[in-house]
2 protein chains.
Amino acid sequence: MTKRTDLLTGLPVTADGTGPPRERADAARNRARVLAAAEELFAAGDPAEVTMEDIAKAAGIGRGTLYRRYPDRASIARALLDEHERALQHEILRGAPPLGPDESDPAERLAAFYAAMVDLLERHVHLLLGAETGSARYRTGAYGFWFTHVRVLAADRPDPEALADTLLAPLAPEVYRRQREQGISPDRIKNGLTALARGVLAGDRPKSPE
Amino acid sequence: MTKRTDLLTGLPVTADGTGPPRERADAARNRARVLAAAEELFAAGDPAEVTMEDIAKAAGIGRGTLYRRYPDRASIARALLDEHERALQHEILRGAPPLGPDESDPAERLAAFYAAMVDLLERHVHLLLGAETGSARYRTGAYGFWFTHVRVLAADRPDPEALADTLLAPLAPEVYRRQREQGISPDRIKNGLTALARGVLAGDRPKSPE
DNA sequence: CCATCAAGTGGACACAACGTCCACTTAGCC
DNA sequence: GGCTAAGTGGACGTTGTGTCCACTTGATGG
C-alpha cells in the first residue's frame with residue numbers, strides 16, 4: 001500500500017498531482033481504435049442501431065475493454081462530438097459578431113447561432129443522434145450551454161426561461177434528420193430558423209411594456 | 001367456405017360486411033384489461049421503462065395474448081391516445097374559431113392550436129411519451145395531420161414546408177416534459193408558444209414581397 | 001343442450017443486447 | 001529481467017423481445 005511514493009512530493013507515483021494516473025500505450029491505441037470504429041459505424045447506418053458489441057468487434061477489442069472506458073454508446077458519440085461543440089461554444093463566447101458577443105441585436109445573434117448549429121448538425125447528425133436520442137439530450141452539458149445562451153438572448157422578452165427550450169426544440173437532431181429526409185436543404189432550414197429568430201426576438205416588445 | 005351465411009342478410013356471419021369478423025367476448029374483455037393496465041403503468045413511471053411483460057402481467061394475461069393484438073408498447077399508447085387526438089382534429093376541421101376554420105388570422109389559429117396541444121400534452125404526456133419516443137413521432141398518422149395543418153397556416157410565408165416541422169418541434173413530448181420538470185407551468189408554455197406563433201406568422205411578410 | 005371449431009390463450013423457447021466479473025496478459029518502471 | 005498495476009477479453013447471468021404451438025373456450029347451428 002505505502003509502497004512507492006514520489007521522493008520529492010510524497011505523493012503516490014501513480015497519481016502525479018496534475019491528474020489521474022497516465023494512460024498506458026496499449027490503452028491509448030485501443031481508445032483511438034474505438035473512436036475511429038464508432039465514427040464509421042454511426043455514419044454508416046442508424047446510430048440508434050449500433051450496439052456496443054458492434055463497436056467492440058469493429059475496433060477489434062473485447063466487450064470488457066470497451067466498457068472499461070465507455071459505459072454506453074452515447075458516451076462514445078459525445079467523445080467524438082466534444083471538440084466540435086467546444087469550438088462552437090468558443091465562437092459564441094469569444095468569436096466575432098454576429099455569432100459572438102458585442103452584437104447589439106439578439107435576433108441576429110440567435111439567427112447566427114441557428115445557422116451555426118445547422119452547420120454542426122449537417123456535419124454530425126449521426127453523432128448527435130448517437131449521443132442525444134430522445135430525452136438524453138437534456139442531460140448533456142452541451143444542452144445546458146445552448147440553453148443559457150438562448151435564455152440570455154431572450155432576456156428582454158416576457159419569459160426567457162420558457163422560451164429557451166421552445167427555441168431550442170427545432171435543433172433536436174431528430175427534427176433535423178426528419179427535415180433532411182423530407183428533402184429540405186440546410187439552407188432552407190436556416191432560412192426558416194432565421195424567420196423564427198427575427199419573428200420572436202426582433203422588434204421592441206420589452207419585458208414589461210412601460 | 002360457403003358454409004354459413006346470415007339468414008336475413010345473406011352475408012357471411014364471420015364477415016358482416018361492415019368490418020372484420022366479430023371479436024369474441026373474452027378477447028374484448030382482455031383488450032379492455034390491457035388498455036386499463038397500460039394506462040396506469042404509463043402514468044405511474046417513465047413510459048419508456050414500461051415493458052410488454054409488465055403490461056401483460058398487470059393485465060393478468062399471457063405475453064402471447066398481448067402480442068396478438070399489439071405488436072409493441074407504442075401501439076398500445078396510440079390506441080389510448082386515439083380518441084383524444086381525433087377530438088382535437090375534429091375541432092380543427094369543424095370546430096369554432098380561432099381553433100377551427102373561418103378565422104382569417106393564421107397567427108391566431110396557430111396560437112390556438114398550440115394552446116390546444118398544450119392541453120393535450122398536459123393531460124396525456126405519459127401516453128405521448130409511450131407512443132412517440134424519438135423519431136417514431138414522425139411515423140404516426142397524427143403527426144401528418146398536425147404537419148398539414150401548420151403548413152397550411154404558414155402558406156403565405158416563404159417556405160411553409162420547412163417551417164412546419166420547425167414550428168411543431170416545440171410540441172415534442174420530450175420537450176414538454178422537460179419544461180414541466182423545469183417547473184414551467186402550462187400557461188407559461190402557452191404564452192411562449194403564442195409569442196412564437198405571432199412572431200412568425202403575424203404581420204404582413206407575404207410569400208413574394210411585391 | 002350438445003357438438004363443433006375457429007378464435008383466442010399463455011407459457012415455453014430462441015434470440016439479442018446489456019453490463020459485470022475475473023483470470024490472464026502486458027507495458028512501464030526499478 | 002522481475003514486479004506490479006493497468007489493461008484485456010470472453011464467459012456469464014439478466015432482462016426484454018417476439019414467435020410458436022398445443023391447449024382452452026366462446027359462439028353457433030343442429
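Note on naming: letters A, B, ... go to the chains in the order of the sequence lines (proteins, then strands), and numbering restarts at 1 for each one. Values in this document were obtained by computation on a predicted structure and should not be read as measured data.
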Between B:Q89 and B:H149, is a side chain to side chain donor-acceptor pair (under 3.5 Å) present by the stated rule, with each step listed?
CA-CA 10 Å; B:Q89 290 171 7; B:H149 181 51; over 6 Å; no
Grab the CZ-C1' distance between A:R33 and D:dG7 for me, whole Å please.
14 Å
Separation of D:dG7 atom C1' from A:R69 atom CZ, nearest Å, is 8 Å
Can you spot which of A:R177, A:R73, A:R137 makes a salt bridge (Lys or Arg N to Asp or Glu O under 4.0 Å) with A:E132?
A:R137
Within 6.0 angstrom of A:E40 CD, more than 12 heavy atoms from elsewhere:
no
In terms of ring plane angle, is the pair A:H124 and A:H84 parallel, tilted or perpendicular, where the classes change at 30° and 60°?
parallel
Can you check side chain to side chain donor-acceptor pair (under 3.5 Å) on A:Y114 and A:N191, steps first, answer last?
CA-CA 10 Å; A:Y114 274 154; A:N191 289 337; over 6 Å; no
Under 4.0 Å protein heavy-atom contacts per nucleotide of nucleotides 22-28 of chain C, with B for base, S for backbone only and - for none
----BSS
Side-chain contact, heavy-atom cut-off 4.5 Å: A:Q179 with A:V175?
yes
Classify every nucleotide of nucleotides 11-21 of chain C by which part a protein heavy atom approaches to under 4.0 Å, writing B for the base, S for the sugar-phosphate alone and - for neither, in 5'-to-3' order.
B-----SBBBB
Rounding to an integer number of Å, can you tell me how far A:Y70 OH sits from D:dG7 P?
13 Å
Does the structure place the NZ or CZ of B:R178 under 6.0 Å from the centre of the six-membered ring of A:F147, at an angle of no more than 45° from the ring's axis?
yes
Does D:dG7 have OP1 or OP2 under 4.0 Å away from a side-chain N or O of A:N30?
no
Going by atom types only, do A:E85 and A:T140 share a side-chain donor-acceptor pair under 3.5 Å?
no
Return the value, rounded to whole Å, for the distance between atom CG of A:L66 and atom P of D:dT8.
11 Å
